[in-house]
Peer 1: 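Attaching a single structure in structure tokens format; questions to follow.
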Number of protein chains: 2
Amino acid sequence: MADSIKIIIAEDQAMLLGAVATLLDLESDFEVVAKAKDGETALSLCAQHHPDVLLTDIEMPGMSGIELAEQLQKNGFTAKIMILTTFARSGYLRRAMDAGVRGYLLKDAPSEELAEAIRKVISGRKVIDPELVMEAFDEADPLSEKERKTLKLAADGLTTEQIADKLFLSKGTVRNYLSSASAKLNAQNRIEAARIARQRGWL
Amino acid sequence: MADSIKIIIAEDQAMLLGAVATLLDLESDFEVVAKAKDGETALSLCAQHHPDVLLTDIEMPGMSGIELAEQLQKNGFTAKIMILTTFARSGYLRRAMDAGVRGYLLKDAPSEELAEAIRKVISGRKVIDPELVMEAFDEADPLSEKERKTLKLAADGLTTEQIADKLFLSKGTVRNYLSSASAKLNAQNRIEAARIARQRGWL
DNA sequence: ACTTTAAGGTGACATTTGTCATTTTCTGTC
DNA sequence: GACAGAAAATGACAAATGTCACCTTAAAGT
């Protein structure tokens, strides 16, 4: 088809990648020209095919979908980028928007909406999952870089001392950071703090 | 179609549910008669439609896919049950087999294999993802029921005392369980123990 | 009836963690 | 060089956690 919309899909879960590709290919005005299972592959496939739309997951091995979007934008690609991801995380949305992403959908959304969303984006509109719009209004990440780093390591089960060694800080400082992180998140200890931070996409 | 294979799909992620359903419906010998987004719904839809195959995810809100399989087996349903899940976890596989599951596939597998796997199961064979077969040979879950329960709550950030209250045990006993769980998993504290257990699918 | 065994509990102790006030060190800026 | 602010460290204390040896109780065998 001469004027069909050319689509590239990037998604690391093979089953979903294949199923969504089939789904979109059924639409007579769409044509899935390539499939990628990671960001790097998607990038080179974009250079090769110059698609109208790139539909990408965020969490993938190697280059994430957001980094991919940033690269494409920097290199002046005209493809309209759409994110299709699992969780509603306000942090991601902001970065995605900054990278010129035009659509942000959740895997929780019914599959019937996907094709329609793509057509909306092609016609110049932006599409953001309603769930996300809500999230975007709530609190921003209150953690400092150090708090985030210590918390991430603590969540892996490292002791205060091991964290201190790894980050070249003293034990006391690490405990201070973890303590203030817990306070900010209203958690009663580092474990709960890590859980909360992770749930909100801050970790 | 009179003798087409009737399929019910249970999967909480709407996008995958819809896409896979479309994919299978394209096969001329298949017919997706119902879709469910949780175990309870799937159970009642099975009673209503008596499908030939139930394709289900494991992790779903409410009743898990494994519990669903156990229920169906107990109630004497003849539907062949197939699991389609994200991670290769040896613990799950054993329980699934005990519940009479005939197929165990990973979402990492290419979508093209799905239809073929279903036909194999219908013809009486069992289908287990090769990845899983490997996993099945490694170590079994060493945790006792109590160790697992305490660990699960600890992983949410509950204190020893809160866990004790919730499980009607003394603080000392809870600490004993957590301590022995850590020992079994070679972890240096409850946080690391929980992380390890979760990674191996024992939590 | 007499072990055995497992689940649960106790007490003691060392270590780690959480909290907070205070101090030191490092930076940029005027 | 002096000063304000941030980042990092310190010290002290209470509380929580990890470990271990040992006790109690209630089945389950024999």
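Here is the naming used below: chain letters follow the sequence lines, and residue numbers restart at 1 for every chain. Remember, predicted model here, so these are calculated numbers, not experimental data.
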Peer 1: Kindly compute the distance separating OG1 (B/Thr41) from CD1 (B/Ile8), expressed to the nearest 0.5 Å.
Peer 2: 11.0 Å
Peer 1: Can you find a side chain N or O atom of B/Tyr177 that sits less than 4.0 Å from OP1 or OP2 on C/dG9?
Peer 2: no
Peer 1: Send over the distance from A/Arg190 CZ to D/dT17 C1', rounded to a whole Å.
Peer 2: 11 Å
Peer 1: Rounded to whole Å, how long is the line connecting atom CG of A/Leu178 with atom C1' of C/dT19?
Peer 2: 12 Å
Peer 1: Quick one: which of D/dT19, D/dA12, D/dA9 gets closest to the side chain of B/Asn176?
Peer 2: D/dT19
Peer 1: The side chain of B/Ser182 is closest to which nucleotide in this list: D/dT19, D/dA9, C/dG18?
Peer 2: D/dT19
Peer 1: Do the side-chain N or O atoms of B/Thr173 get closer than 4.0 angstrom to the phosphate oxygens (OP1, OP2) of C/dG8?
Peer 2: no
Peer 1: Figure out the CD1/C1' separation between A/Ile163 and C/dT16, and round it to whole Å.
Peer 2: 12 Å
Peer 1: Give a yes/no on whether any side-chain N or O of B/Lys146 is located under 4.0 angstrom from OP1 or OP2 of C/dG8.
Peer 2: yes
Peer 1: Answer yes when B/Lys166 and B/Glu161 have at least one side-chain N-carboxylate O distance shorter than 4.0 Å, and no when they do not.
Peer 2: no
Peer 1: A cation-pi test, strictly: NZ or CZ of A/Arg119 under 6.0 Å from the centre of the six-membered ring of A/Phe30 and no more than 45 degrees from its axis. Yes or no?
Peer 2: yes
Peer 1: Checking all strands, does A/Thr160 fall into the base, sugar-phosphate, or nothing category for heavy-atom contacts under 4.0 angstrom?
Peer 2: sugar-phosphate
Peer 1: Taking C-beta and beyond as the side chain, do A/Tyr104 and A/Thr85 meet within less than 4.5 Å on heavy atoms?
Peer 2: yes
Peer 1: Answer yes or no: does a side-chain N or O of A/Arg175 lie under 4.0 Å from OP1 or OP2 of C/dT16?
Peer 2: no
Peer 1: Taking the nucleotide of DNA chain C with the closest heavy atom to each, which residue, B/Ile191 or B/Ser170, is nearer the 5' end?
Peer 2: B/Ser170
Peer 1: Starting at atom NZ of B/Lys171, determine the distance to atom P of D/dG18, rounded to an integer number of angstrom.
Peer 2: 14 Å
Peer 1: Could you tell me how far apart B/Glu147 (CD) and D/dG18 (C1') are, to the nearest whole angstrom?
Peer 2: 14 Å
Peer 1: Which whole-number value in Å describes the distance from A/Asn189 CG to D/dT17 P?
Peer 2: 7 Å
Peer 1: The side chain of B/Thr159 is closest to which nucleotide in this list: C/dT17, D/dT17, D/dA8?
Peer 2: D/dT17
Peer 1: Indicate whether OP1 or OP2 belonging to D/dT19 is found under 4.0 Å from a side-chain N or O atom of B/Ser179.
Peer 2: yes
